[in-house]
Amino acid sequence: MDYARLQEQMRVELGQRLQVLPTDVDAWTAAARVQKMGLSSTQRLALVDMMQALVLRQKQKLDELDQPLAAAAFADRHAAFLIEMAGGQELWRVFRFILAEHEDERLQASVRAAGRIAEDCYGACVRRARAWGVLDSSQFREAPLVFLEAVDSPATASRREAVQAVSLAVREFRSLKLALPIVLLPLDYASSIWNFCGLHHEVGHNVDQDLNLTPELRGVLPDLTLAGEEICWRRWSNEILADAIGITLGGSGFAASLGSLSLLLASSAAQAEIQSTAVHPPFVVRVRLIAEMLRLTGVPAHADLADELSAIWDTLERPAWVAPFAQDAKAIAALFLTTKLTALKAHAVLELNADPASDHARTQALATFFLGQGPRPEPKIEFGMHPRLVPAAAQLAVRAALSTPDVLGRIHESAVKYLNLIPALEALGPAGALTTTRRDYLRDLAHKVDFGALAPAEAGG
């Protein structure tokens with residue numbers, strides 16, 4: 001066998017291997033199967049189109065091998081094809097795990113509830129952005145898919161490495177602007193819906209991807225803080241923006257959830273010094289930011305919670321490095337939450353919620369109901385009761401309740417039951433279908449996914 005024959009044999013083999021991915025995609029995205037999972041037909045179509053676009057890219061890379069080539073050219077094109085194929089397979093593996101959770105009898109109720117909350121968070125922002133003329137009527141993505149991951153949850157030793165590998169892939173791909181956004185929640189949140197307030201923050205990252213808000217905010221940082229602190233604020237900016245969107249969408253429930261956790265972890269050894277590569281603001285700083293953002297909403301009850309969080313923060317011993325960041329917190333909070341942005345057509349992030357005060361009133365009424373101390377609010381969208389308010393209300397109920405397993409269990413069950421009573425949200429686009437321009441936009445996103453950062457596998461391993 002000569003070298004040309006070796007090339008031909010490899011081309012045929014690669015063509016056969018390429019068929020594994022589309023075959024698996026077809027099996028998991030069959031219309032009836034996806035409908036049974038509880039996903040929308042437009043989510044399914046966006047996923048199918050995205051994977052078809054990635055498979056087409058693989059075929060194009062394979063076509064570049066379809067001729068006798070010099071040894072160096074064949075080796076380089078072969079490596080490029082393998083990177084493209086591995087990237088597509090890795091991305092599909094992420095979605096395959098997400099779809100599998102929707103079929104898991106133990107997880108499907110929680111993951112579907114999380115999906116409804118994420119859909120509401122994302123839709124609320126998209127509708128406002130479209131009304132302002134920020135987004136074209138076709139240039140928005142489908143509602144996010146939620147993945148309950150296991151990195152910070154118990155896992156058997158034999159499975160932990162595999163679980164971590166999947167989770168790391170999810171974390172990598174959620175930063176890409178995919179046709180179907182991905183949001184993450186710890187697996188152990190499945191029995192505590194009040195922790196689904198994390199979705200308000202996670203969807204904030206998707207909104208940032210779509211509206212491209214962070215660059216403009218970073219551009220103002222040098223005017224607000226000294227160079228030494230500005231470097232850190234810049235590195236933390238994506239997470240601060242997601243927190244600002246979280247407070248905008250989840251109000252005091254979101255702030256109580258993140259603020260309480262931040263207070264509990266603020267004195268850990270990891271907070272003793274600033275981590276030079278950390279993208280999240282340290283918890284001891286994050287509490288101050290949350291409190292300042294709450295005050296900026298103009299909702300009296302939010303200001304009360306801000307005072308409560310600040311009073312506890314004042315009792316904590318803090319490293320010396322915290323002081324200048326604490327002084328900056330008010331200005332940074334105002335920048336991210338209330339500054340009129342060009343990217344939003346002279347609107348602020350806080351304006352993504354048309355009426356935070358009314359949202360809080362409904363959330364508080366729902367929390368009272370979860371505690372068995374008031375009537376059930378009408379679970380209708382036209383009355384302003386949205387899925388994103390349910391975990392926020394559950395969080396407020398938990399804070400007001402006697403924390404026993406039985407009480408927490410009743411709040412969780414009551415909240416999930418109530419969420420299921422809220423009618424389905426109106427589709428962001430035409431119900432049941434994607435327009436031609438929408439499909440073109442979503443396919444274009446798939447073509448822009450870059451797997452070039454993946455290194456080719458070492459020979460033999």
**Item:** Side-chain heavy atoms of Phe95 within contact of Leu180, under 4.5 Å
**Value:** yes
**Request:** Would you confirm whether Tyr441, through its side chain, and Ala179, through its main-chain N or O, come within 3.5 Å as a donor-acceptor pair?
**Result:** no
**Request:** Report yes or no: does Arg112 contribute a side-chain atom to a donor-acceptor pair with the main-chain N or O of His102 at less than 3.5 Å?
**Result:** yes
**Minimum heavy-atom distance Val183-Ala118, with the two atoms named** = CG2-CB, 4.4 Å
**Prompt:** Of all heavy-atom pairs between Leu178 and Val449, which one has the smallest distance, and what is that distance?
**Reply:** CD2-CG2, 3.8 Å
**Asked** Under a 4.5 Å cut-off applied to non-hydrogen side-chain atoms, are Pro144 and Ile182 in contact?
**Response** no
**Prompt:** Would a distance-only check, ignoring hydrogens and angles, find a side-chain to backbone donor-acceptor pair under 3.5 Å from Asp208 to Thr214?
**Reply:** yes
**Message:** Using a 3.5 Å distance criterion without hydrogens, assess whether the side chain of Arg116 forms a donor-acceptor pair with backbone atoms of Pro387.
**Reply:** no
**Item:** Backbone N/O of Ala272 and side chain of Trp321: donor-acceptor pair under 3.5 Å
**Value:** yes
**Message:** Would Arg318 pass as a cation-pi partner of Trp313, given that its NZ or CZ must be under 6.0 Å from the six-membered ring centre and within 45 degrees of the axis?
**Reply:** yes
**Message:** Please give me the minimum heavy-atom distance between Leu249 and Ala124, naming the atom from each residue.
**Reply:** CD2-CB, 4.2 Å
**Request:** Identify which one of Gln52, Glu84, His447 satisfies the side chain to side chain donor-acceptor pair (under 3.5 Å) criterion when paired with Arg57.
**Result:** Glu84
**Prompt:** Are the side chain of Ser237 and the backbone of Arg234 linked by a donor-acceptor contact shorter than 3.5 Å?
**Reply:** yes
**Request:** Cation-pi check, Arg388 to Phe196: give yes when NZ or CZ is under 6.0 Å from the six-membered ring centre and within 45° of the ring axis, no otherwise.
**Result:** no
**Test item: Val322 and Gln327 side chains (from C-beta on) under 4.5 Å apart, heavy atoms** = no
**Prompt:** Would you call Leu350 and Ile247 a side-chain contact if the rule is heavy atoms closer than 4.5 Å?
**Reply:** no
**Prompt:** Less than 4.5 Å apart, any side-chain heavy atom of Asp328 and any of Val285?
**Reply:** no
**Donor-acceptor under 3.5 Å (Ser260 side chain, Ser257 main chain)** = no
**Prompt:** Got a sec: does the NZ of Lys448 have more than 12 other heavy atoms crowding it under 6.0 Å?
**Reply:** no
**Request:** Would you mind reporting whether Pro391 and Phe254 have side-chain heavy atoms less than 4.5 Å apart?
**Result:** no
**Request:** Kindly determine whether Lys417 and Glu413 satisfy salt bridge (charged side-chain N to carboxylate O under 4.0 Å, His left out), including the steps that lead there.
**Result:** CA-CA 6 Å; Lys417 182 178 179 180; Glu413 291 175 5; over 6 Å; no
**Asked** Just one of Gln395, Arg399, His360, Gln364 clears the side chain to side chain donor-acceptor pair (under 3.5 Å) bar with Ser252, so which one?
**Response** His360
**Request:** Start with the C-alpha distance between Arg295 and Asp307, add both sets of side-chain angles, then the distance that settles salt bridge (charged side-chain N to carboxylate O under 4.0 Å, His left out), and finish with yes or no.
**Result:** CA-CA 9 Å; Arg295 294 188 178 100; Asp307 291 343; 3.1 Å; yes
**Prompt:** Does the Tyr418 side chain pair with the main chain of Pro377, one donor and one acceptor, at a distance under 3.5 Å?
**Reply:** yes
**Asked** What pair of heavy atoms forms the shortest contact from Leu305 to Ala255, and how long is it?
**Response** CD2-CB, 4.1 Å
**Message:** Keeping Glu101 on the side-chain end and Leu148 on the backbone end, is there a donor-acceptor pair under 3.5 Å?
**Reply:** yes
**Asked** Can you check whether Asn195's main-chain N or O pairs, donor with acceptor, with Ser192's side chain at less than 3.5 Å?
**Response** no
**Item:** Shortest non-hydrogen contact between Arg288 and Ala329, atoms and distance
**Value:** CB-CB, 3.9 Å
**Prompt:** Any side-chain heavy atom of Arg141 sitting closer than 4.5 Å to one from Asn206?
**Reply:** yes
**Asked** Under a 4.5 Å cut-off applied to non-hydrogen side-chain atoms, are Val279 and Asn238 in contact?
**Response** no
